[in-house]
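Shown next, in structure tokens, is the structure this report addresses.
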Amino acid sequence: MPSQSGIRVERIPGSPRAILWLEREPVNSMTLEFWRALSNAFDALERDETVQGVIFASGLKRAVFTAGNDVTELYAPRTTRKRYREFWLTQTKFLARLLKSRLATVCAIRGACPAGGCVVALCCDYRVQTTEGTLGLNEVALGISVPKYWAELFLDRCNDRVKGESLLQRGVLIRPAEALGIGLIDEVVGEGALMASASSVMDRYLKVPPGARATTKQTIRSEFSARWESYAEEEVKGGWKMLNNPHIVKALGGVLMKLSGGKAKL
Amino acid sequence: MPSQSGIRVERIPGSPRAILWLEREPVNSMTLEFWRALSNAFDALERDETVQGVIFASGLKRAVFTAGNDVTELYAPRTTRKRYREFWLTQTKFLARLLKSRLATVCAIRGACPAGGCVVALCCDYRVQTTEGTLGLNEVALGISVPKYWAELFLDRCNDRVKGESLLQRGVLIRPAEALGIGLIDEVVGEGALMASASSVMDRYLKVPPGARATTKQTIRSEFSARWESYAEEEVKGGWKMLNNPHIVKALGGVLMKLSGGKAKL
Amino acid sequence: MPSQSGIRVERIPGSPRAILWLEREPVNSMTLEFWRALSNAFDALERDETVQGVIFASGLKRAVFTAGNDVTELYAPRTTRKRYREFWLTQTKFLARLLKSRLATVCAIRGACPAGGCVVALCCDYRVQTTEGTLGLNEVALGISVPKYWAELFLDRCNDRVKGESLLQRGVLIRPAEALGIGLIDEVVGEGALMASASSVMDRYLKVPPGARATTKQTIRSEFSARWESYAEEEVKGGWKMLNNPHIVKALGGVLMKLSGGKAKL
């Protein structure tokens with residue numbers, strides 16, 4: 001039974017791992033409330049000393065990890081500066097903390113994984129995706145620019161910076177096989193094998209001493225995480241200004257209209 | 001008909017793209033005046049709101065993109081500190097601006113592309129080169145060191161830092177196929193297909209919203225560009241000192257003598 | 001005849017290259033005295049104007065480059081804060097200087113190359129390893145975290161940051177063929193061909209003007225080297241605190257016991 005918040009935590013008694021199920025039908029579109037629920041659930045797992053690893057997975061009916069940020073949170077006529085700020089800070093703090101979490105993190109990506117969902121995946125230690133899916137930061141195709149640290153993280157994870165920059169500039173979503181080739185995905189499997197593969201990878205992370213593993217992860221990632229989080233407030237200012245640009249309002253209005261099948265009232 | 005400055009701008013009426021032809025016979029050697037003409041032509045295109053993309057190409061008779069900086073600009077007995085400073089600042093400001101330009105930039109490289117020409121190419125968004133060519137920063141082979149941000153850019157674009165460092169330290173020019181393998185070139189084509197390939201790539205960049213594309217490019221590249229440009233004055237000091245080192249004067253004198261077929265008067 | 005310090009310098013009269021043999025039986029475990037001898041030998045070669053390149057190689061009976069830092073230097077009950085500080089500073093200064101040395105440096109790796117030996121190798125310009133060996137930073141598997149700049153260097157040399165981070169977090173040693181695939185090793189050869197391959201690579205470095213080569217290397221590497229060295233004192237503080245953590249003392253005691261075949265007196 002899906003939880004009301006769209007986030008469900010699955011624990012296996014006696015096991016140091018948990019599964020964080022994203023299941024806000026129909027496409028896990030990420031609102032302020034969804035990010036908050038995700039963040040709170042992750043927080044609780046991180047505080048729980050019996051937990052050493054978390055697998056992120058989609059529990060949706062269709063093959064979608066998440067559709068990314070809910071466009072209503074970005075469409076200025078439908079939100080407020082105050083809510084947008086809260087939205088952006090909640091999301092950014094969660095992502096920056098996820099990046100350096102003491103927990104081993106594996107992202108099990110079933111199907112489509114654009115924008116915000118792609119960033120969640122890139123903050124994990126390992127990504128396994130189903131054969132039939134897409135991955136990337138497609139903001140430019142929607143008419144908005146890629147947030148600074150989303151772009152930096154994407155290029156940092158990508159093993160070919162030139163190709164990565166080209167994808168970002170053109171707002172292209174790529175197939176899992178191509179993402180594998182440039183290091184953005186670690187493993188591609190058939191849909192039936194997704195959770196078993198994620199679990200098998202988690203085994204490898206959980207068999208080493210957790211303290212040494214967590215400290216090494218923080219050594220590698222804490223500087224990036226700190227810069228990212230400390231930039232969030234400044235980013236809100238530029239972001240809100242951009243979202244009120246008439247061209248952007250029009251572009252995002254078009255996206256909303258398309259998503260609603262022409263039935264949105266803007 | 002080639003222009004006197006060695007730079008010719010080709011516009012296609014009604015199209016948002018332009019071709020910047022480099023055609024200073026015989027090898028597009030880059031003097032102060034050549035960099036200035038290139039910079040001015042690019043500036044004018046960037047200010048023109050009807051232009052969204054620029055293709056750089058060589059219009060020389062032989063298969064050479066450019067031979068790089070004109071050695072007379074580096075050979076201390078043939079220049080002055082004042083001219084060298086002007087030369088270095090003009091070149092560096094152009095390159096740093098090219099790197100973050102709002103314009104989509106594609107470099108169509110016909111044949112040889114050493115040193116300064118390689119840096120122009122690396123500042124573009126995409127590089128397509130003909131099968132029969134060379135690419136690299138061969139300064140060390142000439143007896144001088146690689147400028148700091150040329151080296152950083154080269155290593156940043158290269159998808160294998162260790163191999164990149166080895167190439168720089170040994171001053172090696174590589175073949176397009178090898179450059180493709182380490183990410184320095186994006187596509188290798190037969191000479192007949194060069195301009196069509198460049199044009200086809202440009203199509204891909206021009207079909208996305210230009211504002212979002214340009215902002216994302218600046219997000220990715222403006223910090224590198226700013227550091228590069230702000231280092232130029234300091235680099236002039238070290239550069240001029242190096243160029244007056246008797247060993248370097250002798251080495252560059254030898255290069256000039258070789259280029260002139262033994263007829264240079266040093 | 002091996003030297004008492006475990007370090008032997010081989011010069012070929014008239015040649016600008018030297019071989020630095022590590023031959024402290026049985027496994028070149030790196031004590032303070034061993035690092036000091038290595039550092040002094042390298043220093044002397046760097047000051048010698050007739051020397052332009054150094055090959056590092058193991059002269060042990062078994063196929064081991066080095067087993068890495070001697071665990072007794074890290075096991076708090078067997079050392080003192082003062083000795084640990086001296087050990088860490090000596091090692092770090094040597095490594096940071098090796099990274100930016102004017103000398104061309106090639107590492108000929110026969111067999112196993114974990115931890116400290118891996119860092120020596122990564123500071124060289126080129127690494128050739130025998131088919132039957134291992135490479136990596138396996139600190140986490142021993143229960144301790146990877147030192148900050150060891151991790152940064154490893155990820156900087158690796159052409160796939162995601163794979164590199166995964167190896168570090170899990171403390172995995174990899175085979176030479178896998179290391180070749182991610183850029184950590186430049187060449188894999190049969191044991192009989194090791195020194196000939198290292199020598200042949202050295203030829204390529206020595207045929208370019210040494211001043212321009214050395215300056216370019218410093219351009220590329222001096223910032224990293226300076227940050228690394230300047231962090232050493234601060235690292236000693238955190239390191240000593242970590243080594244006195246009861247969990248770490250217990251873990252390293254276990255390693256010592258295992259290495260001694262159960263005969264260590266802790």
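Throughout, protein chains are lettered first and strands after them, A, B, ... in sequence-line order, and every chain is numbered starting at 1. Predicted, not measured: the structure shown is a model, and the values here were computed from it.
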### Message
Can you confirm whether C/Glu10 is buried at CD, in the sense that more than 12 heavy atoms of other residues, nucleotides or ligands lie under 6.0 Å from that atom?
### Response
yes
#### Entry: Shortest non-hydrogen contact from C/Ile220 toward B/Glu165
CG2-OE2, 3.2 Å
### Query
Where on B/Leu155 is there a heavy atom nearer than 4.5 Å to chain C: the side chain, the backbone, both, or neither?
side chain
### Message
Please report the interatomic distance CZ(B/Arg161) to CG(C/Asn159), rounded to the nearest 0.5 Å.
### Response
13.0 Å
### Query
Quick one: OG on B/Ser145 to NZ on C/Lys217, what's the gap to the nearest 0.5 Å?
14.5 Å
### Beyond-backbone contact of C/Arg127 with B/Val162, side-chain heavy atoms, under 4.5 angstrom
yes
#### Entry: Contact class of C/Asp186 relative to chain B, heavy atoms under 4.5 angstrom
side chain
### Message
Is it the case that over 12 heavy atoms from other parts of the model lie below 6.0 angstrom from the NZ atom of C/Lys148?
### Response
yes
### Summary
Taken to the nearest 0.5 Å, the spacing of C/Thr219 OG1 from B/Glu139 CD works out to 11.0 Å
## Note on the structure
The reported gap from CZ in C/Arg213 to CG in B/Leu168 (rounded to nearest 0.5 angstrom) is 13.0 Å
### Task
For chain B, find which of C/Ile182, C/Asp156, C/Leu184, C/Leu122 contributes the most heavy-atom pairs closer than 4.5 angstrom.
C/Asp156
#### Entry: Closest heavy-atom pair and its distance - B/Gly143, C/Pro209
CA-CG, 3.9 Å
### Approximate separation, where rounding is to 0.5 Å, of B/Gln169 CD and C/Gln218 CD
10.0 Å
#### Entry: Nearest heavy-atom neighbours spanning B/Ile144 and C/Ala212
O-CB, 3.5 Å
